[in-house]
Amino acid sequence: YTYELSIDNNTLASYAEDGTGTFRKKGNSKKILSLQFIDRPFEEYQLLVNFWNVHEKHSKFVYEDLVYNDTYLMRFDSGFRTNVKGPDRITIQFTLREV
């Protein structure tokens with residue numbers, strides 16, 4: 001499955017009138033995953049919907065990245081988006097954010 005991985009941190013910035021700035025990193029870097037499941041059969045769609053219904057945006061869960069061999073504590077950062085092309089051609093998209 002195709003996905004996009006980005007890493008960012010919370011940096012607090014304070015700018016003066018002369019254009020200079022003071023920056024402070026707040027916390028560790030967090031990973032954001034944009035997941036896409038393209039043209040999947042209805043059974044896979046139903047599995048993902050069931051998972052979403054249990055967790056939604058308020059529950060944490062463990063995500064295992066098999067490509068990088070990493071495990072993250074995540075939660076949904078976006079809603080559940082679908083694009084239906086036919087009975088067994090459903091594209092699903094959502095974003096996860098590391099907690």
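All values below were derived from every heavy atom in this structure, side-chain atoms included, with hydrogens, water molecules and symmetry-related copies excluded.
Atom CG of Asn83 and atom CZ of Arg89 lie 9.5 Å apart (nearest 0.5 Å). Leu33 CG to Arg97 CZ: the interatomic distance, rounded to the nearest 0.5 Å, is 10.5 Å. Rounded to the nearest 0.5 Å, atoms CG (Asp88) and CZ (Arg40) are 10.0 Å apart.
Tyr15 shares a hydrophobic cluster with Phe23; the chain of contacts runs through ILVMFWY side chains whose heavy atoms sit under 4.5 Å apart.
Taking the centre of each ring, Trp52 and Phe76 come in below the 6.0 Å mark.
Under the 4.0 Å criterion applied to side-chain N and carboxylate O atoms, Asp77 and Lys57 are not assigned as salt-bridge partners.
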Notebook entry, point to check: Phe51 and Phe80: side-chain contact (heavy atoms from CB on, under 4.5 Å), yes or no, with the steps?
Noted result: CA-CA 11 Å; Phe51 189 80; Phe80 194 86; over 6 Å; no
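Using modelled atom types, one side-chain atom of Thr91 and one backbone atom of Asp39 make a donor-acceptor pair closer than 3.5 Å. The main-chain N or O of Lys30 is never found under 3.5 Å from a side-chain atom of Glu98 such that the two would form a donor-acceptor pair.
When the side chains of ILVMFWY residues are joined at heavy-atom separations under 4.5 Å, either directly or via intervening members, Leu35 and Ile32 end up in two distinct hydrophobic clusters. Linking Ile, Leu, Val, Met, Phe, Trp and Tyr residues whenever their side-chain heavy atoms come within less than 4.5 Å leaves Phe37 and Leu47 in two separate clusters.
Looking at heavy atoms from C-beta onward, Thr95 lies in side-chain contact with Arg81 at the 4.5 angstrom threshold. Side-chain contact between Phe61 and Leu96 is present, with at least one heavy-atom pair separated by less than 4.5 Å.
Crowding of Arg75 atom CZ: a count of heavy atoms from other residues, nucleotides or ligands under 6.0 Å exceeding 12. Crowding of Asn53 atom CG: a count of heavy atoms from other residues, nucleotides or ligands under 6.0 Å exceeding 12.
Residues passing the side-chain contact (heavy atoms from CB on, under 4.5 Å) test with Asp65, sequence neighbours excluded: Tyr3, Tyr63, Val67, Tyr68, Tyr72.
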